[in-house]
Amino acid sequence: MDLPVPGPEANTNTNQSFSPLLPTLQTTIDSTSLGEFKTCPRKYYYRVVLGFVPRAASPHLLFGQYVHSALERYDRARANGLSHTDALRAAVLEAMTLSWHGDRPWWSGHPTKNRLTLIRTVVWYLDRFGEDDSLQTLLLASSESPAVELSFQFSVQKLAVTGEPIFFCGHIDKIALFNTEPYIVDRKTTSITLSTSFFSQFSPDNQFSLYTLAGKIAYETPVRGIICDGIQVAATFSRFERQMIPRSEAQIEEWLSDTFMWLDLMGQMAESNRWPMNDKACHHYGGCPYRPVCSRAPSARQTWLEADYIHSIWDPTRIRGDV
Amino acid sequence: MSTSGFLPTSTALAEATPDSLSELFSRDPEWLANHPEDLDKIIAALRLQRERLMAAEAAGIKAPRPAKISEPIRPLPPGKELLV
């Protein structure tokens with residue numbers, strides 16, 4: 001079946017992460033794009049290549065983004081010398097602002113992911129890991145500035161099918177010392193209990209492996225892995241657990257070697273503009289947002305896409321992902 | 001007021017209760033940016049909420065299940081009538 005090639009409303013001329021030579025080929029890749037491709041090439045095609053997202057934003061996605069942005073605001077304020085109290089106020093104001101839609105508060109319709117649980121989560125998290133955090137933020141060797149809110153982009157000595165170099169990119173919250181060893185710090189919101197099984201989902205994990213590699217290459221820091229702050233959000237409480245997710249040199253080398261094979265596959269699919277469905281992944285995480293499209297007859301899918309989805313370019317060279 | 005184990009919340013804690021949150025949450029961000037004392041009240045109310053929760057847990061009381069959020073009211077489709 002012939003699939004549409006992205007037009008000017010999608011990636012061509014606007015998405016800097018795509019090749020100017022082959023409009024279906026992404027040459028600057030973040031962990032979200034790579035993760036979508038690994039999950040299902042057709043999902044990657046709809047979300048990243050064509051840039052379609054469901055018309056109604058998921059409350060889970062918005063909630064995660066808001067928590068992330070508020071905590072980021074706190075980190076930045078602290079890095080700029082503000083006290084814990086002032087930085088906490090700034091973080092709460094950020095969360096209140098983000099969750100103010102137009103002329104009214106955000107109404108998610110969700111019992112656990114809403115405005116109240118958002119602000120509560122930010123305050124309780126920063127009371128736990130704010131002022132007396134045992135993690136010590138690293139100073140960047142290049143500028144002596146605190147290693148918070150870092151955007152990275154680096155080449156991996158790998159050429160795309162067009163002969164262009166491939167880059168990895170992304171955004172890191174923080175690099176910090178834990179027991180004198182450097183780690184990338186990342187936060188994950190969830191509804192499930194913060195047990196061993198919650199943290200075990202990150203070994204192996206695409207994003208955490210890329211971030212560890214980025215710490216080593218882009219910031220020339222011998223990071224040992226990720227410190228993951230799990231944030232459990234329930235209707236009446238928020239809980240937090242911190243766990244170390246290590247990555248050895250051999251694990252990172254294996255991940256990179258495997259990733260090169262995925263990138264070869266991505267190049268082949270981009271050249272042929274054929275993006276097969278992984279129909280064993282349609283039901284993961286409460287169901288793929290593109291299942292309503294894939295479940296239709298091929299001839300009807302474009303109509304469904306244009307009716308129920310809107311254009312939202314995923315350009316990891318510009319926007320923050322991986323929340 | 002004791003805030004054992006948590007950061008001090010000053011006088012805002014004494015003034016704020018979780019009940020006052022809905023009023024504070026109705027303030028638009030511009031108002032809050034110019035009234036940091038309201039931000040402090042929000043923070044204090046949420047800390048108080050946590051203290052109450054911890055006290056309840058310590059006493060072996062389970063948190064109540066939240067009320068189900070009802071669907072927004074939608075108009076009936078054409079041709080359908082409400083059966084009573």
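Owing to the predicted nature of the structure, the values given are computational and were not obtained by experimental measurement. Chain A is the first sequence line, chain B the second, and so forth, proteins listed ahead of strands; every chain is numbered from 1. Side chains are part of it too, since the values below use all heavy atoms of this structure and drop only hydrogens, waters and symmetry mates.
- Counting heavy-atom neighbours within 6.0 Å of A:Glu181 CD, excluding the residue itself, gives a total above 12.
- Atom-to-atom distance recorded for B:Leu46:CG and A:Ile119:CD1 is 8.0 Å, nearest 0.5 angstrom.
- Pairs passing the ring-ring contact (aromatic ring centres under 6.0 Å, His included) check and including a residue from residues 34-62 of chain B, sequence neighbours excluded, read B:Trp31-B:His35.
- Scanning all heavy atoms of the two residues, the minimum distance from A:Met96 to B:Phe25 falls at CE-CA, 4.0 Å.
- Among residues two or more places apart in sequence or in another chain, the side chain to side chain contact (heavy atoms under 4.5 Å, CB included) test is passed with A:Thr137 by A:Pro146, A:Val148, A:Lys174.
- Rounding to the nearest 0.5 angstrom, the gap separating the CG atom in B:Asp40 from the CZ atom in A:Arg89 is 4.0 Å.
- Between chain B and the residues A:Thr112, A:Asp103, A:Thr85, A:Leu116, the most heavy-atom pairs under 4.5 angstrom are made by A:Leu116.
- Of all heavy-atom pairs between B:Pro29 and A:Thr97, the closest is CB-OG1, 3.4 Å.
- Here B:Arg27 contributes atom CZ and A:Trp100 contributes atom CH2; the two are 10.0 Å apart, rounded to the nearest 0.5 Å.
- By the 4.5 Å heavy-atom criterion applied to side chains, B:Arg50 and A:Val123 are not counted as neighbours.
- Atom CZ of A:Arg55 has more than 12 heavy atoms from other residues, nucleotides or ligands within 6.0 Å.
- Looking only at heavy-atom pairs under 4.5 Å with chain B, the residue among A:Val92, A:Val122, A:Leu93 that has the most is A:Leu93.
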